[in-house]
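Here the structure is laid out as structure tokens; the discussion comes afterwards.
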Amino acid sequence: MKATRAWQRRIKDILLMSGSRQRSRLKRPVWIIVLVTFVIIFLITAFLYPPTTSAACYIFSSRDCTLFNEPSIFTARELSDEETRSHVVFREILNTPPIQSKNPKIAFLFLTPGTLHFEPLWDKFFRVVWGKFSMVDIERRLLARSLLDPDNQQFLLLSDSCVPLHNFDYVYNYLMLTNVSFIDCFVDLGPHGTGRYSERMMPEVEKNAFRKGSQWFSMKRQHAIIVMADNLYYRKFKNYCKPHMDGRNCYSDEHYLPTFFNMIDPSGVANRSVTYVDWSEGKWHPRAFRAQDITFEFLKNLTFIEESIHFTSGPKRRGISRPCLWNSMKRPCYLFARKFYPETLHRLIIHFSNYTTI
């Protein structure tokens, strides 16, 4: 009898074990499906809404991660005495109404090591209507000399390889009828952007305020006066933004003005230049155009570009494009272009009257 009961209990235990194993076999595929589903949802979410940390962003995102890493506005801090004096001067200049000139003019500042190769072309440009007429240090010197004429309201920096893309009337109205300076300014978190920053610029210039941009600007008179008044930030860049310093190659002409105006008057600049430069080849120097490149179609296309492109220097070199706005309206970006070899002069003169007609 005892043997029979023991046998019955054993059979019952075997049945229970068999049932539990059967249930576990039924549950295992369900958990696998649930786990795979969660993994798929996580990957899709990470791709559509990539995390802001740089490593995870570059793993999951196909877009430019510098857009997610743009520094937030830094908190206010107590200014040094010298900084306070500088800001008082800057604020007074910005709040002072511009000089009302009866004959407002644009000061064309040509930064050239020698003769102006395209002088005949510029002569033709200036005769359209009126018939009149170390990098940061040179720029400041050009501004200072131009400021002596109270009629100069806009200050335009050009190089010896620049050419006009529109006629004088168009350029004059474009610059005079807007109240911003066209100073290139953008965030580049790569080695040739923020990677050039030195902490020796602290506390006046913080890392998240550091900007990059082309040196070719168009600047309104108030901003030109502020550049002349600045000594504090000028010294910071002169001392700590230079080639072969602390293992970095920092170039003040690419960082001083963009960073300075980003800190002092960010709403007063357009964050773009009015001079076209082709950096698409990804080299140390922009593309230079030769005689065979100069056709009517090529020049006309330059006059119709309506988006500016900034190339970052991060692991994934990307071009960040933005529409060019003029008084809140979309307009062609560029009034001038560079770099052109002297051999292009003849073809440029031939096409000038046609491609500058709007």
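- Panel note: side chain Ser146, backbone Ala107; no donor-acceptor pair is recorded below 3.5 Å.
- Inspection of the Asp230 and Tyr256 side chains reveals an N or O donor paired with an N or O acceptor under 3.5 Å.
- With contacts defined as side-chain heavy-atom distances shorter than 4.5 Å, the pair Arg272/Cys333 qualifies.
- Side-chain atoms of Arg221 and Asn152, non-hydrogen and from C-beta on, do get closer than 4.5 Å to each other.
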### Message
Please evaluate residues Arg287 and Asp293 with respect to the criterion salt bridge (charged side-chain N to carboxylate O under 4.0 Å, His left out), reporting the C-alpha separation (whole Å), side-chain torsions for both, the decisive distance (0.1 Å), and the verdict.
### Response
CA-CA 11 Å; Arg287 179 185 174 188; Asp293 298 316; 3.5 Å; yes
### Query
So Asp169 and Tyr174, side chain to side chain donor-acceptor pair (under 3.5 Å) or not? Walk me through it.
CA-CA 8 Å; Asp169 262 352; Tyr174 196 106; over 6 Å; no
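- Residue Glu199 qualifies as open at atom CD: its count of foreign heavy atoms under 6.0 Å is 12 or below.
- A donor-acceptor distance shorter than 3.5 angstrom exists from the side chain of Thr303 to the backbone of Lys300, with no hydrogens or angles considered.
- Taking the six-membered ring where the residue is Trp, Phe186 and His310 present parallel rings, their angle staying beneath 30° rather than reaching 60°.
- The number of heavy-atom neighbours closer than 6.0 Å to NE2 of His87, taken from other residues, nucleotides and ligands shown, is above 12.
- Tyr233 and Glu83 are linked by a side-chain donor-acceptor pair at a separation below 3.5 angstrom, with hydrogens and angles left out of the test.
- Side-chain contact, Tyr197 with Asn208: no donor N or O sits under 3.5 Å from an acceptor N or O.
- Using modelled atom types, one finds a donor on one side chain and an acceptor on the other under 3.5 Å when comparing Arg196 with His255.
- Note: Trp122 and Phe125 have perpendicular aromatic rings, judged against thresholds of 30 and 60 degrees for the angle between ring planes.
- In the model, His192 has no side-chain atom that pairs as donor or acceptor with a side-chain atom of Asn249 under 3.5 Å.
- Of the possible polar contacts, one joining the Ser252 side chain to the Phe237 backbone as a donor-acceptor pair under 3.5 Å is found.
- Across every non-hydrogen atom of Arg317 and Trp279, the tightest pair is NH2-O, 2.8 Å.
- Ring centroid separation for the pair Phe108 and Phe155 does not come in under the 6.0 Å cut-off.
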### Query
Does the pair Arg322 and Glu307 meet the rule for a salt bridge (charged side-chain N to carboxylate O under 4.0 Å, His left out), with working shown?
CA-CA 5 Å; Arg322 292 185 177 91; Glu307 288 190 344; over 6 Å; no
### Query
Do Thr194 and Lys207 pass the side chain to side chain contact (heavy atoms under 4.5 Å, CB included) test, and can you show the C-alpha distance, the side-chain angles, and the key distance before you say yes or no?
CA-CA 7 Å; Thr194 308; Lys207 188 173 183 178; 3.3 Å; yes
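- Under 3.5 Å, the side chains of Arg318 and Thr312 contain no donor-acceptor pair of N or O atoms.
- In this structure, Pro164 and Leu121 have side chains that are in contact, with non-hydrogen atoms separated by less than 4.5 Å.
- Checked by atom type, the side-chain pair Glu139/Gln215 shows a donor-acceptor distance below 3.5 Å.
- In this structure, a donor-acceptor pair under 3.5 Å is absent between the side chains of Ser101 and Asn103.
- Side-chain N or O atoms of Glu204 include none that pairs as donor or acceptor with a backbone N or O of Lys236 at under 3.5 Å.
- Cation-pi geometry between Arg290 and Tyr341 is met: the NZ or CZ atom falls under 6.0 Å from the ring centre, inside 45° of the normal.
- By the 4.5 Å heavy-atom criterion applied to side chains, Phe336 and Trp216 are not counted as neighbours.
- Contact check on Lys212 versus Asp184 returns no salt bridge, with no Lys/Arg side-chain nitrogen under 4.0 Å from an Asp/Glu carboxylate oxygen.
- Ring-plane geometry between Phe90 and Phe260 is classed as perpendicular, the angle between the planes exceeding 60 degrees on a 0 to 90 degree scale with a lower cut at 30.
- Contact of the Val136 side chain with the Lys238 side chain is not registered, since no non-hydrogen atoms from C-beta on lie closer than 4.5 Å.
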